[in-house]
Amino acid sequence: MPERRNILITGASSGLGAQLAREFAARGRNLALCARRLDRLEQLRAELLAAHPGITVSIAQLDVNEHARVFTVFREFAEELGGLDRVVVNAGLGKGQPIGSGRFDANAQTATTNFIAVLAQCEAAMEIFRAHDAGHLVVVSSMSALRGMPGNRTAYAASKAGAATLAEGIRADTLRTPIAVTTLFPGFIATDMTAAGGRAPLQVSTEKGVRAMVRAIERESATAKVPAWPWVPIGLALRWLPLRMVAAISG
Ligand SMILES: NC(=O)c1ccc[n+]([C@@H]2O[C@H](COP(=O)([O-])OP(=O)(O)OC[C@H]3O[C@@H](n4cnc5c(N)ncnc54)[C@H](OP(=O)(O)O)[C@@H]3O)[C@@H](O)[C@H]2O)c1
């Protein structure tokens with residue numbers, strides 16, 4: 001497996017993105033970190049450089065819904081670091097309300113951030129990777145992408161299914177090339193996003209969840225349910241359960 005020295009992470013100001021940055025910094029990788037909250041990124045950069053003075057950490061303020069800026073920021077990061085070896089498309093939103101309940105605004109925001117902006121990030125990353133015929137694209141989907149989900153998760157799950165299908169299509173496009181594509185399907189991992197909905201069943205700590213994500217990323221698996229236990233068997237069950245049971249356990 002080629003060592004991916006320069007790693008860009010979107011949504012790095014909190015939760016999984018920030019912890020991924022800590023894990024890769026501990027492995028000596030250079031980082032390009034972006035999100036809307038620049039103060040959080042500045043704090044994280046200071047923390048990472050204090051612990052690992054040998055690495056480079058570039059940061060940039062980026063709203064992934066400003067699509068033209070996504071391309072500009074990714075190119076600027078590539079110039080600053082002398083190339084990008086891996087891009088983790090992680091920025092995402094857990095907002096959503098039942099369909100038809102008058103909250104098209106929240107559902108549209110979720111769909112736009114979790115799918116259209118993911119498309120912009122994948123396009124920007126793949127332009128850079130195709131130019132060098134090398135790179136590793138990682139898309140953070142969700143276990144909820146495996147089936148239609150009721151209630152507040154309907155638009156979220158659909159947007160994450162879209163992101164996973166997009167990543168699979170890019171993988172189909174780059175088979176037998178040096179470009180690798182990984183889709184991650186995290187289960188419940190403690191972050192600001194999961195805190196908003198109260199403690200979820202089977203939830204693991206940010207550290208444990210992100211260690212599982214990093215193992216899957218470093219293996220460059222095509223797809224990975226993370227952590228594997230219990231989410232691999234749950235994934236199998238989700239595929240075959242009747243919808244009324246899916247609705248009952250995930251509602
Ligand atoms: N935690 C879980 O259990 C879980 C499970 C499955 C999938 N996921 C996925 O994992 C990813 C990270 O989520 P998390 O759990 O770590 O939640 P989080 O702590 O709320 O982090 C979300 C990150 O996305 C960034 N973000 C949101 N909207 C953005 C925008 N318009 N432009 C740029 N950045 C934006 C946020 O940064 P700013 O607000 O500073 O912009 C933040 O850094 C998401 O894609 C989520 O759907 C999480």
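First listed ligand is number 1; within each ligand, the first listed atom is number 1.
Using a 4.0 Å cut-off to heavy atoms of Asn65, the atoms of ligand 1 that qualify are 31 (N). For ligand 1, the atoms sitting less than 4.0 Å from at least one non-hydrogen atom of Asp192 are 19 (O), numbered in the order shown with element in parentheses. Of all atoms in ligand 1, listed by their number and element, those nearer than 4.0 Å to a heavy atom of Ser141 are 6 (C), 7 (C). Close contacts between ligand 1 and Phe188 involve ligand atoms 3 (O) [criterion: under 4.0 Å to a heavy atom]. For ligand 1, the atoms closer than 4.0 angstrom to any heavy atom of Val140 are 9 (C), 10 (O). Proximity to Thr194 (heavy-atom distance under 4.0 Å) selects the following atoms of ligand 1: 1 (N), 2 (C), 3 (O). If you number the atoms of ligand 1 from 1 as listed, the ones under 4.0 Å from a heavy atom of Ser14 come out as 18 (P), 19 (O), 21 (O), 42 (C), 43 (O). Close contacts of ligand 1 with Gly15, meaning ligand atoms under 4.0 Å from a residue heavy atom, involve 16 (O), 19 (O).
Residues Leu20 and Val139 do not share a hydrophobic cluster, clusters being chains of Ile/Leu/Val/Met/Phe/Trp/Tyr side chains in contact below 4.5 Å.
Of the charged side-chain nitrogens involved, none lies within less than 4.0 Å of a carboxylate oxygen, so that Glu218 and Arg4 do not count as a salt-bridged pair. Between Arg171 and Asp173, none of the side-chain N atoms (NZ, or NE/NH1/NH2) sits under 4.0 Å from a carboxylate O, so this pair counts as no salt bridge. Taking 4.0 Å as the cut-off between side-chain N and carboxylate O, Glu207 and Arg22 do not count as a salt-bridged pair.
The only member of Leu146, Val246, Ile234 that meets side chain to side chain contact (heavy atoms under 4.5 Å, CB included) when paired with Arg239 is Leu146.
When heavy-atom distances to ligand 1 are checked against a 4.0 Å cut-off, Met143 has no atom that comes that close, whether in backbone or side chain. Of the heavy atoms in Leu62, only backbone atoms (N, CA, C, O) come closer than 4.0 Å to ligand 1. Under 4.0 angstrom from ligand 1, there are no non-hydrogen atoms of Phe185.
Remark: minimum distance from atom 15 (O) of ligand 1 to any protein heavy atom is reached at Thr191 OG1, 2.6 Å. Annotation: atom 37 (O) of ligand 1 to nearest protein heavy atom, Ser13 OG, 2.9 Å. Looking only at heavy atoms of the protein, atom 5 (C) of ligand 1 is closest to Gly187 O, 3.1 Å. The nearest protein atom to atom 3 (O) of ligand 1, hydrogens excluded, is given as Ile189 N, 2.8 Å; this is a heavy-atom distance. For atom 44 (C) of ligand 1, the closest non-hydrogen atom on the protein side is Asn90 O, 3.2 Å. Here the heavy atom of the protein found nearest to atom 28 (N) of ligand 1 is Arg36 NH2, 3.1 Å. Distance from atom 17 (O) of ligand 1 to its nearest protein heavy atom, with residue and atom name: Met193 CB, 3.4 Å. Here the protein heavy atom with the shortest distance to atom 10 (O) of ligand 1 is Leu16 CD1, 3.3 Å.
In terms of N/O distances under 3.5 Å, ligand 1 is not approached by Ser142. Ligand 1 has no N or O atom lying under 3.5 Å from any N or O atom of Gly17, backbone or side chain. An N or O contact shorter than 3.5 Å links Gly11 to ligand 1 by distance.
Listed by chain and residue number, nothing satisfies the salt bridge (Lys or Arg N to Asp or Glu O under 4.0 Å) test with Arg147 (two or more places apart in sequence, or in another chain). With sequence neighbours excluded, no residue satisfies ring-ring contact (aromatic ring centres under 6.0 Å, His included) with Phe185.
Using modelled atom types and a 3.5 Å distance limit, the side chains of Gln121 and Thr10 yield a donor-acceptor pair. Using a 3.5 Å distance cut-off with no hydrogens or angles, the side chains of Asn65 and Thr113 do pair a donor with an acceptor. A donor and an acceptor atom, one from each side chain of Arg37 and Ser14, are located under 3.5 Å apart. Gln19 and Thr206 share no side-chain donor-acceptor pair at under 3.5 Å.
Ligand 1 lies nowhere less than 4.0 angstrom from a heavy atom belonging to Gln203.
No donor-acceptor pair closer than 3.5 Å links the side chain of Asp85 to the backbone N or O of Gly135. Without hydrogens or angle criteria, Thr182 side chain to Ser221 main chain gives a donor-acceptor distance under 3.5 Å.
Closest heavy-atom approach to atom 22 (C) of ligand 1 within the set Gly92, Cys34, Ala12: this belongs to Gly92.
In plain terms, the two heavy atoms of Leu238 and Met143 that are nearest each other are CD1-O, 4.1 Å.
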